[in-house]
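Heads up: the structure comes next, in structure tokens.
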Amino acid sequence: RKTPNCYYGREGQVLVHLFSWKWPDIAREYRPWWERYQPVSYKLDSASGSRDEFIDMVNRCKAAGVQIYIDAVINHMAGIDAGTGLGSGGSYYNTQLRFDGVPYGPDDFNTRCTTGSGNIENYADEGQVRNCRLVGLLDLEGGKNSVRSKIADYFDDMLQIGIDGYRIDAAKHMWPEDINATLSMTGVTEDKVEAFVYQEVIENGNEPVKTSQYTHIGRLVEFQYGYKMGDIFKWQHIKLSSLHNFGSDWSMMPSGDALVSIDNHDNQRGHGAGGNVITHKQPEGYKLAVIFMLSWPYGIPRVMSSYDFDQDWTGPPAQSPADGESCGSSWICEHSRGSASFIAFNREGGELNMNLPTGLPGGTYCDVISGDLLNGVCTGKTVTVFSDSTANIRIGSDSSTPVVAIHIGAKA
Ligand code: LAG
Ligand code: CA
């Protein structure tokens, strides 16, 4: 009666008096964000909600014309230090390689790792990168049919619910043929073409794992894109005007293979390979980078939507922003809407004042950066496009958002 029944290894820790808290908020508290990358089953009950809530979300998004791509963690399960317990969906696991909720047993894990620690020790060794444990995460043997079919069942379940594709987490740590074989085992449902696939492979300099080893499977995240955007919009090491051929000429993969983003949940915190990315913490440059990405024809853009954090591990705020409410101080919500047909930037230090071809028909357009077209009235600047489709564009260098964007859907 005098010991607080803490988990093994956690004895002597403190108690917290959570006065009047709601149960779901308590359940969500003190969970580092990266726990999501330590699955113990493929059940859909998690800190984000129940299976029914997930299904309802997918259906409502589909009804609104929005596709859902899931973040599929299939390289590994929980970390070697995760001990024994029940996942948030109630499945039993232990680090003697039992994950009853799938189920996986000891035979489903990698036995081909040759390092002393069992972890990846040297990224110059392609075998280690694929066969050993990434930061101690128990590595699945993707070469085995038993593993492939369990993952394929999970994917089929997701397709049945109505999702449209997958981000393949830690694809760098899986053999390309294992990913491909697993995907080939999943069904294509009646009403749709094959699932969209984008793989997380951070290609670093001289390392042997290359994104080109995966392009026959699906798209890949082109990490160089975000790093270059950091060089340009954060550090201003590269002049904006040099972007005229931004794309595969800049040692990036072909546009049709790429998915791009300015930052992601890892590199905005210095995780993953880090990199000099720009984030919401530098809002002026960040807005420009996002606008550039959305308007530049390279890859498929993915816009980030974050919450604020002070410590690396800080989990999300307990409450999501309510319907119709704009994002508050804890949710950043960098994502924006609308499609611009002509866009101009100025990052050269002086005023831009030029007649530029816009490609748009003549008329008065509302600049959707400084305002919006509301009930036929432009709340921001207007831009006149002449009958030859040119427009006089003036952007001062002192403006906090030195961008003008106009599109056909916002003619004033
Ligand atoms: C990813 N992409 O390929 C994710 O984007 C990235 O967020 C994942 O790492 C990683 N692969 C594995 O899915 C994240 C954190 C890690 C965290 C890991 C597992 O960046 O820091 O590791 O998820 O939760 C954590 C601790 C480690 C510990 C490990 C195992 O930070 O120190 O060794 O858990 O207990
Ligand atoms: Ca692996």
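First listed ligand is number 1; within each ligand, the first listed atom is number 1. All residue numbers refer to positions in the sequence shown, counting from 1.
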Under 4.0 Å to a heavy atom of [X] - the qualifying atoms of ligand 1, by number:
| X | result |
| --- | --- |
| Glu200 | 2 (N), 3 (O) |
| Ala170 | 2 (N), 3 (O) |
| Arg167 | 2 (N), 4 (C), 5 (O) |
| Asp81 | 30 (C), 35 (O) |

Open item on the list: With a 4.5 Å cut-off on side-chain heavy atoms, are Tyr286 and Met229 touching?
Closed with: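 Answer no - side chains too far apart.
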TODO: For the residue pair Trp33 and Asp312, establish whether any side-chain heavy-atom pair is separated by less than 4.5 Å.
DONE: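 Of all side-chain heavy-atom pairs linking Asp312 with Trp33, at least one is under 4.5 Å.
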Counting backbone and side-chain atoms alike, is an N, O or S atom of [X] positioned under 3.0 Å from the Ca ion (ligand 2)?
| X | value |
| --- | --- |
| Arg130 | yes |
| His76 | no |
| Asn75 | yes |

TODO: Going by heavy-atom distance to atom 19 (C) of ligand 1, choose the closest among Lys172, Arg36, Gln38.
DONE: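 When every heavy atom of Lys172, Arg36, Gln38 is considered, Gln38 comes closest to atom 19 (C) of ligand 1.
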Task: For atom 10 (C) of ligand 1, the option (of Val135, Leu134, Asn267, Leu138) bearing the nearest heavy atom - done: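 Looking at heavy atoms only, the winner is Leu134.
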Can you report which non-hydrogen protein atom sits closest to [atom], along with the distance?
| atom | answer |
| --- | --- |
| atom 24 (O) of ligand 1 | Trp34 O, 2.6 Å |
| atom 20 (O) of ligand 1 | His271 ND1, 2.6 Å |
| atom 8 (C) of ligand 1 | Tyr37 CG, 3.9 Å |
| atom 7 (O) of ligand 1 | Asp266 OD1, 2.6 Å |

Open item on the list: Less than 4.0 angstrom from a charged side-chain N to a carboxylate O is my criterion; do Asp263 and Lys281 meet it?
Closed with: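 Between Lys281 and Asp263 there is no salt bridge, as every charged N stays at least 4.0 Å from the carboxylate O atoms.
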Task: Ionic contact status for Lys144 with Asp108, cut-off 4.0 Å - done: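 So Asp108 does not pair with Lys144 through a salt bridge.
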Open item on the list: For the Ca ion (ligand 2), give me the closest N/O/S atom belonging to His173, just the atom name.
Closed with: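 Of all N, O or S atoms belonging to His173, O is the one nearest the Ca ion (ligand 2).
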Open item on the list: Measuring from atom CG of Asn267 to atom CD1 of Ile202, what distance do you get when rounded to the nearest 0.5 angstrom?
Closed with: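 Rounded to the nearest 0.5 Å, the CG-CD1 separation comes to 7.5 Å.
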Open item on the list: Within this structure, what is the CG-OH distance for the pair Leu259 and Tyr298, rounded to the nearest 0.5 Å?
Closed with: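 Taking CG in Leu259 and OH in Tyr298, the distance rounds to 10.0 Å.
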TODO: Tell me which part of His173 gets within contact of ligand 1: side chain, backbone, both or neither, using heavy atoms under 4.0 Å.
DONE: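 His173 to ligand 1: no contact under 4.0 Å from either part.
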TODO: Determine whether the side chain, the backbone, both or neither of Leu137 has a heavy atom under 4.0 Å from any heavy atom of ligand 1.
DONE: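 It is the side chain that touches ligand 1; the backbone stays farther off.
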Open item on the list: Tyr42 vs Met158, test: side-chain contact (heavy atoms from CB on, under 4.5 Å). Steps then yes/no.
Closed with: CA-CA 10 Å; Tyr42 299 128; Met158 292 303 234; over 6 Å; no
Open item on the list: Determine whether the aromatic ring centres of residues His271 and Tyr37 are separated by less than 6.0 angstrom.
Closed with: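 Centroid separation for Tyr37 and His271: 6.0 Å or greater.
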Open item on the list: Is it the case that the ring center of Phe99 lies less than 6.0 angstrom away from the ring center of Phe109?
Closed with: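 When the ring centroids of Phe109 and Phe99 are compared, they turn out to be within the sub-6.0 Å range.
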Task: Heteroatom proximity flag, Asp169 to ligand 1, N/O under 3.5 Å - done: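 So ligand 1 has an N or O lying under 3.5 Å from an N or O of Asp169.
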Task: Under 3.5 Å: donor-acceptor pair, side chain of Arg130, backbone of Lys172 - done: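 Side chain of Arg130 to backbone of Lys172: a pair is present.
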TODO: For His76 and ligand 1, answer yes if some heavy atom of the residue is under 4.0 Å from a ligand atom, otherwise no.
DONE: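 In this structure, His76 qualifies as a contact of ligand 1 - some heavy atom is under 4.0 Å.
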Task: Proximity flag Trp33 to ligand 1, non-hydrogen atoms under 4.0 Å - done: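 Yes, Trp33 has heavy atoms under 4.0 Å from ligand 1.
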Open item on the list: Please tell me if atom 34 (O) of ligand 1 is touched by the protein, where touching means a protein heavy-atom distance below 4.0 Å.
Closed with: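 Yes.
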Task: CZ/Arg394: more than 12 non-hydrogen atoms of other groups inside 6.0 Å - done: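 No - once you tally the heavy atoms of other residues, nucleotides and ligands closer than 6.0 Å, there are 12 at most.
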Open item on the list: Quiz question: by atom type and distance under 3.5 Å, do the side chains of Gln128 and Thr115 form a donor-acceptor pair?
Closed with: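 Not at all, the side chains of Gln128 and Thr115 share no donor-acceptor pair under 3.5 Å.
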